[in-house]
Number of protein chains: 2
Amino acid sequence: MLNSAAIIESSAGATPPTCFVPVETCRPKNPLIEKLGKFATLGGQEFDALERVCRSRKKLAPRETLLREGCRSSFVFLILKGMAVRYRYLSNGKRQIMGYLLPGDLCDAHFLVRNYLDHDIGLLTDAEVAVIPIRELTSVMAAFPTVRRALLETMVTERAMLREWLLNVGQRNARQKLAHFICEISERMQSLGQVNPDGSYSIALTQVELADTMGLTVVHVSRCLQRFRAEGLVEWLRHQLTIVDVQGLRQLAGFDEGYLHIARDSPGSCASAAARGLCSIVAA
Amino acid sequence: MLNSAAIIESSAGATPPTCFVPVETCRPKNPLIEKLGKFATLGGQEFDALERVCRSRKKLAPRETLLREGCRSSFVFLILKGMAVRYRYLSNGKRQIMGYLLPGDLCDAHFLVRNYLDHDIGLLTDAEVAVIPIRELTSVMAAFPTVRRALLETMVTERAMLREWLLNVGQRNARQKLAHFICEISERMQSLGQVNPDGSYSIALTQVELADTMGLTVVHVSRCLQRFRAEGLVEWLRHQLTIVDVQGLRQLAGFDEGYLHIARDSPGSCASAAARGLCSIVAA
DNA sequence: CGAAGAGTTGAAGCTCGTCAATAATCGTGG
DNA sequence: CCACGATTATTGACGAGCTTCAACTCTTCG
């Protein structure tokens, strides 16, 4: 969707190479700009400012720890390519993964407000990041209220995702948890255009990561995936994920498309909710 | 309608009229101001502006639903007295509580950015709330950068709490979950000065709420509390919570004081973390 | 007083974790 | 290129933690 397929190097045999969307929306190839563009309408000035802020880049090896709990920094990292996770360890050695960072995600905008981090951030793949001086980012935010607002929105979205995760980990059983996570991560990758031509996704996740995401053991994750496979719901071999039965998986997961707020606020994304009308107190 | 409760019917008969602390610190009795004051240094102008914004007040009955999922509003509610919870239901009837709202907490600053809510907010006690027009709040934020920053901090703190909850629900066993929650809620109430003279807390939580917070069943919560009682860790009868063995409880929970960021950023609150120094990438 | 809600207790069972052994895959260096 | 160890995935047996169901008590409140 959006303009993701605008300049793509014919990875998809189906999409035509030409660019049919308006020039303005076709322009950004910077994932931060693409992401913020989903929350606010940005103009050329904003594009330039954001582009400038991301000029310092760095390539990183897989499995590297990007940021450590407690570290302080006057920079903010932006994922340009690759995948990272937030996590924390418990003293008993258990690890909880608290979020996945994909291209366009900041890790951590947190530093705009606090001077240290309360969790680790590790890379799952080799990656490219932009190293953004906080000072520059704040001045862009000051100069462009729309950027400030869009950044705020990304934080609010992240909070919403954490709530959904809490619901997932707290109230669903293992199969539902897994199903829900698969729906979520594939939706996010899809919105980034990271779908293979055959409809599969290349995801560098091991079952260990899945287990630590959902609060399960690797053994149990393995069994659940086996069953998914047997039931014709999902294929997940090596790092290739294929969702065979999207409907079935979503139903099992109780997945609500639109919760990720990937699309701009649209009445459709919360139609049922909106139907309930204004809150009681205000309406009274 | 909104300001119907503007003339408050002298509900407070307990607080003494005299003031022994310095005038400046004595002045704010508005819990929002007290809370924001923990994150930023506010002056008289900010006090007045915030006070003005909170002038419309409303009293509410216990068990009332304050806000419903999907509702839209041009107001933000601030808890002045009482206790509320955020929660969401799953289609199978299970409920996950995602946060507790105490005096000084906004529910939901969310509306500053998004126009609808993705969860319900319900009252556990009778309560008093301030009904703040979003427009007024945004103009205060525009006029006073410190207020804006402090509000941002509250959001970041909330996100940090969600991460901690995720860790709690995902990786700890029932006893540890309960212990951790008890540490957290008592710490928050303590920082609000809501401790009874005998060191106990008056908390209007039933075991149902505890269960829905931790992703457990009422039955199991009951059993855990029984055992806490037998082990001399905690007393929790009716709505009176007494922590008998603070050290023991914290150790069991692996509770990290300071995670709530109740205190101003201090080197002490993250000493061990700071010792680890700068993050690898930047230092390199 | 009666009804509804909250808490307690026991028995039984299921989901998921633990332990352990094996196979498949990957990365690395010879 | 193959060989090596290390990581990842799979499978089985067993057990523990927690849930479910159900009955009963205690409290609260109209």
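A quick note: this is a predicted structure, and the numbers were derived from the prediction, not measured. Every chain is numbered from 1, with letters handed out A, B, ... down the list of sequences.
Note on B:K177 versus B:E184: no salt bridge recorded, every NZ/NE/NH1/NH2 to OD/OE distance being 4.0 Å or above. Taking 4.0 Å as the cut-off between side-chain N and carboxylate O, A:K58 and A:E64 do not count as a salt-bridged pair. A salt bridge links B:E158 and A:R159; the closest N-O separation between the charged side-chain nitrogens and carboxylate oxygens is under 4.0 Å.
Only A:G215, A:L216, A:T217, A:V219, A:H220, listed by number, bring a heavy atom of residues 213-222 of chain A to less than 4.0 angstrom from any atom of DNA chain C.
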_Walk me through whether A:Y100 and A:F181 qualify under ring pair (Phe, Tyr, Trp, His ring centres under 6.0 Å)._
CA-CA 11 Å; A:Y100 286 77; A:F181 176 76; 5.1 Å; yes
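Contacts of B:R63 with the nucleic acid, taken as non-hydrogen atoms under 4.0 Å apart, are absent. Residue contacts for A:R229: at a heavy-atom cut-off of 4.0 Å it reaches the sugar-phosphate backbone alone, with no base atom in range.
Figure legend: cation-pi geometry between A:R95 and A:Y87, with NZ or CZ positioned under 6.0 Å from the six-membered ring centre and within 45° of its axis.
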When the side chains of residues 233-240 of chain A are checked against the rest of the protein, which donor-acceptor pairs come out under 3.5 Å, sequence neighbours left out?
unit_1 : atom_1 : unit_2 : atom_2 : d
A:Q240 : OE1    : A:N196 : ND2    : 3.2
A:Q240 : OE1    : A:S200 : OG     : 3.0
A:Q240 : NE2    : A:S202 : OG     : 2.9

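Rounded to an integer number of Å, the gap from B:D212 CG to C:dA6 P is 11 Å. Atom C1' of nucleotide C:dC16 and atom CZ of A:R175 are separated by 14 Å, given to the nearest angstrom. Distance CD (A:E235) to P (D:dA9): 15 Å, rounded to an integer number of Å.
Of all non-hydrogen atoms in B:K81 and B:P103, the two that sit nearest each other are CA-CG, 4.1 Å.
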_Strictly under 4.0 angstrom, non-hydrogen atoms only: write out the protein contact profile of nucleotides 24-30 of chain D, one letter per nucleotide from the 5' end, B, S or -._
----S--
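You'll find a donor-acceptor pair under 3.5 Å spanning the side chain of B:R223 and the base of D:dT20, going by distance alone.
Using a 3.5 Å distance cut-off with no hydrogens or angles, the side chains of A:Q226 and A:R229 do pair a donor with an acceptor. No hydrogens or angles considered: nothing links the side chains of A:E69 and A:Y116 as a donor-acceptor pair under 3.5 Å.
Note on A:R227: every side-chain N or O is 4.0 Å or more away from OP1 and OP2 of C:dC16. Within the 4.0 Å cut-off from OP1 or OP2 of C:dT8, at least one side-chain nitrogen or oxygen of B:Q207 is found.
With the nearest nucleotide of DNA chain D identified for both A:T206 and B:A174, A:T206 has the one nearer the 5' end.
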